[in-house]
Structure formats: C-alpha cells, structure tokens
Amino acid sequence: MQRGPGRPAQGNRFPVNEMGLNVIMMGPPGAGKGTQAGRLARERGLLKISTGDILREAIREGDPVAVEAKARMDRGELVDDETMITIVTNRLLRPDARRGFVLDGFPRTVAQAEALDRIVTERKNGPLIVVDVEVPQHELVRRLAMRRICVKCGVNADPFGSAETCPKCGGGLEQRTDDNDEVVLDRLNVYKRATTPVLEYYRERPTFRVVNGAQAPERVAHELDTMIDDAAGAQRV
Ligand code: AMP
C-alpha cells in the first residue's frame with residue numbers, strides 16, 4: 001500500500017546537506033534491497049549499512065562474536081538483538097554516518113526497530129523513511145539460487161549478470177552458504193515471522209512506502225527516488 005502524495009518533490013532531490021536523510025530498506029532476502037541501498041547511498045552521499053555484510057566481514061576477520069553468530073546465519077536464523085543493536089549503534093556513531101544512512105537488513109525485529117527509533121530521535125538529523133521492497137516468493141527463490149558472492153571482498157555479484165569474477169576486486173565467486181535451496185526457504189519463513197511485525201510497526205507512519213521490487217532494477221530505482229523525496233517532504237510539512 002502506497003501512502004498519499006504528500007508534498008511534491010518539485011524536481012529536486014531532498015537536500016541531505018541541509019538536514020540529513022535516513023532510509024530503511026525493508027524486504028525479504030533476494031528483494032534487491034542491497035543493490036538499491038548501495039545506489040541510493042552513493043548518489044545521495046549517505047552511509048550504507050548492511051548488517052549481513054558487516055557480519056560476514058567480521059567472520060572473515062575472525063571476530064569471536066561474529067564467528068559465534070555464523071552457525072545461526074548458516075541455518076538462516078536471526079542473530080540476537082543485543083549483538084545487532086550494538087553493531088548498528090557503533091556504526092552510526094562514526095563521523096561518516098553524520099549526514100544520514102541507508103540501512104539494509106536492519107531492523108529485523110520490533111526490538112531492533114524500537115532501538116533504532118531511540119537512536120534517530122537522539123541524533124535529530126532528518127526524517128526516517130521506511131521502504132518495503134515487495135517481490136513474490138517464487139521470484140525470490142529464483143534470484144537467490146542465482147546469487148553469487150565474492151570470496152575475497154564479500155560483494156554480491158549482480159544476480160542478473162553472467163559475471164564469473166567479482167566486478168569490484170576480480171576475486172572468485174561462490175554461492176553464499178545460506179543461499180542454498182533448503183536454507184533459502186527457512187530464511188523466507190524467518191523473514192515473514194520475525195519481520196512482518198516490524199512492517200506493522202512502521203506501516204501507519206507518513207514516511208512508510210512500498211515499492212514493487214519485481215520490476216527491472218532501473219524502474220525500481222526511479223520509483224524509489226520519487227518515493228523518498230515525497231516521503232521526506234511529507235515529514236517536513
Ligand atoms: P543478509 O545478508 O541481510 O541476508 O543477512 C544474513 C544473515 O545475517 C541473516 O540471515 C541473519 O542470520 C544475520 N542478520 C543480518 N542482519 C540481521 C539483523 N538485523 N538481525 C538478526 N540477524 C541478522
């Protein structure tokens with residue numbers, strides 16, 4: 001369900017240098033939210049925070065908390081709220097988060113959403129916009145089966161492309177340990193169970209939007225940009 005039009009964007013991107021902008025990309029695994037979050041963050045000078053990427057990097061570096069979390073990740077289960085809230089709180093304290101953020105993979109529970117609200121209220125740097133990227137389950141399963149990740153830098157390779165090496169660092173590609181058929185269905189179920197209440201938590205806010213993620217990535221990007229400018233305007237009225 002898309003909210004009313006709010007204030008028109010008047011052809012201008014929301015000026016993040018004036019106020020800051022914070023975006024949460026919600027959506028199941030494979031919805032393309034990571035790709036859109038990366039683009040949005042680059043284009044608007046915001047910090048992209050992907051909690052899955054942070055965990056995978058910490059595992060590669062041998063961080064003991066992350067290594068302990070790996071078993072849960074491999075089973076498609078959620079890592080505990082305390083660990084996740086600490087990771088995001090610490091990341092948001094760093095100077096490169098000052099202008100705002102695009103969150104990918106967080107919050108996944110209502111406790112995480114409540115913690116994030118407290119942080120955003122304290123920071124006072126612009127609206128919090130929540131976008132739900134909707135994609136039918138059969139399309140998610142198809143995309144996740146094709147997804148490859150770089151063994152060296154952890155970047156996701158374009159699921160629609162035919163790359164044989166990482167487009168960023170040239171490293172080899174492999175399937176994520178949690179992208180195999182069995183775990184994928186578990187992850188989609190976990191998403192539905194744990195994260196549907198989070199969508200309900202946000203749904204009535206004037207800054208909540210839904211985008212159809214089954215469209216071509218450029219089309220999703222275009223709609224997302226319009227929605228974010230519109231939602232940012234709605235929040236300022
Ligand atoms: P992702 O790359 O976002 O699909 O995340 C991969 C895995 O990391 C998830 O299946 C969870 O096990 C864990 N994870 C990432 N973000 C969170 C979060 N916000 N809360 C709990 N677990 C998370």
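Remember, it's a predicted structure, so these values are computed and weren't measured experimentally. Residue numbers run from 1 in the order of the sequence given. What you see below is based on every heavy atom in this structure, not just the backbone, and it leaves out hydrogens, waters and symmetry mates. Order of appearance sets the numbers: ligands from 1, and atoms from 1 within every ligand.
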I'd like to check [X] versus [Y] (side-chain heavy atoms, cut-off strictly below 4.5 Å). Are they in contact?
| X | Y | value |
| --- | --- | --- |
| Q36 | M25 | yes |
| E182 | D186 | no |
| N22 | V102 | no |
| Q137 | K192 | yes |

Would you say ligand 1 has an N or O under 3.5 Å from any N or O of [X]?
| X | answer |
| --- | --- |
| G76 | no |
| D53 | no |
| R72 | no |

Handout entry: From T165 atom OG1 to K152 atom NZ, the distance as rounded to the nearest 0.5 Å
Key =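 These two atoms lie 10.0 Å from each other.
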
Handout entry: Rounded distance [0.5 Å steps], NZ in K48 versus CG in D96
Key =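 If I round to the nearest 0.5 Å, the distance is 14.0 Å.
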
Practice task
Assess whether atom CD of E82 is packed by more than 12 heavy atoms of other residues, nucleotides or ligands within 6.0 Å.
Solution key: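 Result for CD/E82: open.
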
Practice task
Among all protein heavy atoms, pick the one closest to atom 13 (C) of ligand 1 and tell me residue, atom and distance.
Solution key: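 Here the nearest protein heavy atom works out to L55 CD1, 3.6 Å.
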
Practice task
Write out the residue and atom name of the closest protein heavy atom to atom 20 (N) of ligand 1, then the distance separating them to 0.1 Å.
Solution key: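 Checked against all protein heavy atoms, atom 20 (N) of ligand 1 sits closest to Q112 NE2, 3.0 Å.
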
Handout entry: Option of least heavy-atom distance to atom 5 (O) of ligand 1 (set: R108, M73, E77)
Key =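 It is R108 whose heavy atom sits nearest to atom 5 (O) of ligand 1.
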
Problem - Option nearest atom 22 (N) of ligand 1 (shortest heavy-atom distance, choices V79, D104, L116, D81) - result: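 Among V79, D104, L116, D81, the closest heavy atom to atom 22 (N) of ligand 1 comes from V79.
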
Closer than 4.0 Å to some heavy atom of [X] - which atoms of ligand 1 meet that?
| X | value |
| --- | --- |
| R56 | 2 (O), 6 (C) |
| R187 | 4 (O) |
| R176 | 1 (P), 2 (O), 4 (O), 6 (C) |
| T51 | 15 (C), 16 (N), 17 (C), 19 (N) |

Problem - Part of K70 within contact of ligand 1 (heavy atoms, under 4.0 Å) - result: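 For K70, no heavy atom sits under 4.0 Å from ligand 1.
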
Practice task
Ignoring hydrogens and angles, state whether a donor on the side chain of D117 or Y201 is under 3.5 Å from an acceptor on the partner side chain.
Solution key: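 Yes, Y201 and D117 have a side-chain donor paired with an acceptor closer than 3.5 Å.
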
